[in-house]
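Data block below; observations after.
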Amino acid sequence: MMVPPSSHRDAHPYGRSSDDVRRRELRVRRTRRLRAVQLAIFSLLVIVLLGVGVYAVGEFRRPSAEQGVIAQKSYGEEEAEVTCPDPGAVPLPPGDVTVTVLNGTSRGGLAGEVTEQLSSRGFTMGDAGNTKKADSAVTIVYGPDGYLAAQSVRTQVPDAALRLDDREGAEVDLLLGNGFSELAPEDDAAAALEDAVEMPEGCPTE
């Protein structure tokens, strides 16, 4: 018995028809494309997760937030000029000075603790907060008319660096860096409030 010609055309050496072979090849190509798409999506997810991880590590290393504190502060260029005090002037009384303590360390609650200590010594206190600008152990930031206010705060932290900006009045920021340990003893600070201040550079001494 003779096999029909059509059977010869569709026959496959492994017993499969040409249509079956084509369908199988299509399935293989679709599977490869799907795997390529899945690999691309997986690679993208890995990149995103790595980025999130790097961001999270950066956030973890930032100074810890105080409870109920203000946002980060930044400072511009020091373009202002200090107003010269009278020769022989003494620091302002603590009650005339408003101090905002800003924590530039990773020690949680530090700004709040120092705020309470300065409040007990008679200073008017602003809201404690955090900062990225504490480039010294302690920095006192004050305005052109705030030199005597800054010197009042400096009696509490004698080694503090001074930084001038364009703020008004007797408001002072106290920036605490990693080298800060504690305030000066209260008796020593109170005695220093009676001493004449060092005159700013360029101001007359008599």
Side-chain angles (χ1 to χ4, degrees), residues 1-80 99-118 125-143 157 160-167 171-182:
M1 180 176 180
M2 296 182 63
V3 179
S6 60
S7 299
H8 287 293
R9 288 195 304 268
D10 295 336
H12 188 273
Y14 300 104
R16 297 177 181 176
S17 69
S18 299
D19 290 340
D20 288 340
V21 172
R22 284 194 295 272
R23 283 195 293 269
R24 182 177 182 279
E25 291 175 349
L26 287 174
R27 284 196 301 270
V28 169
R29 286 196 290 268
R30 284 197 296 268
T31 300
R32 288 175 179 173
R33 286 197 297 268
L34 179 59
R35 289 177 178 174
V37 171
Q38 290 174 335
L39 179 60
I41 294 174
F42 177 77
S43 300
L44 180 61
L45 287 175
V46 170
I47 294 173
V48 171
L49 289 175
L50 287 175
V52 171
V54 171
Y55 175 79
V57 170
E59 288 293 310
F60 177 76
R61 291 181 177 176
R62 289 184 179 181
S64 57
E66 311 285 350
Q67 292 184 352
V69 300
I70 56 179
Q72 302 278 3
K73 284 193 175 184
S74 60
Y75 301 94
E77 298 295 328
E78 299 178 4
E79 299 178 351
V99 186
T100 298
V101 183
L102 301 175
N103 183 7
T105 76
S106 58
R107 295 164 56 185
L110 179 62
E113 294 174 7
V114 175
T115 294
E116 292 180 2
Q117 294 170 3
L118 291 176
M125 304 306 301
D127 294 329
N130 297 319
T131 183
K132 295 181 180 178
K133 299 295 182 178
D135 48 12
S136 300
V138 188
T139 305
I140 298 171
V141 186
Y142 65 102
V157 278
L162 298 180
R163 183 186 299 170
L164 179 66
D165 67 7
D166 59 358
R167 70 186 61 202
E171 294 187 2
V172 172
D173 285 350
L174 180 62
L175 280 56
L176 306 178
N178 288 321
F180 173 78
S181 56
E182 59 185 2

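Computation of the quantities below employed the complete heavy-atom set of this structure, encompassing side-chain atoms and omitting hydrogens, waters and symmetry-equivalent molecules.
- Residue Ser106 holds its OG atom at 6.0 Å from CG of Asn178, rounded to the nearest 0.5 Å.
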* Asked: What's the verdict on side chain to side chain contact (heavy atoms under 4.5 Å, CB included) for Leu102 and Val141, showing C-alpha distance, side-chain angles and the deciding distance?
  -> CA-CA 11 Å; Leu102 301 175; Val141 186; over 6 Å; no
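- Within 6.0 Å of CD in Glu171 there are 12 or fewer heavy atoms belonging to other residues, nucleotides or ligands.
- In this structure, the separation between CD1 on Ile140 and CG on Leu164 is 13.0 Å, given to the nearest 0.5 Å.
- Separating the OH atom in Tyr142 from the CG atom in Leu174 is a distance of 14.0 Å, to the nearest 0.5 Å.
- Thr131 contributes atom OG1, which lies 8.0 Å from atom CG of Asp173 (distance to the nearest 0.5 angstrom).
- Residues Ala161 and Ser136 approach most closely at CB-OG, 4.2 Å, considering heavy atoms.
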Can you list, pair by pair, the side-chain donor-acceptor contacts under 3.5 Å of residues 30-40, counting residues two or more places apart and other chains?
{"unit_1": "Thr31", "atom_1": "OG1", "unit_2": "Arg27", "atom_2": "O", "d": "2.8"}

* Begin with the C-alpha distance, continue with both residues' side-chain angles, and end with the deciding distance and a verdict on side chain to side chain contact (heavy atoms under 4.5 Å, CB included) for Asp135 and Arg163. => CA-CA 11 Å; Asp135 48 12; Arg163 183 186 299 170; 3.0 Å; yes
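- Closest approach of Gly104 to Ala134, counting heavy atoms only: CA-CB, 4.0 Å.
- With rounding to the nearest 0.5 angstrom, the CD atom of Gln117 is 10.0 Å from the CE atom of Met125.
- The side chain to side chain contact (heavy atoms under 4.5 Å, CB included) test with Phe180 is passed by exactly one of Asn103, Val114, Thr105: Val114.
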* Verdict with reasoning, Leu176 to Arg107, per side chain to side chain contact (heavy atoms under 4.5 Å, CB included) -> CA-CA 10 Å; Leu176 306 178; Arg107 295 164 56 185; over 6 Å; no
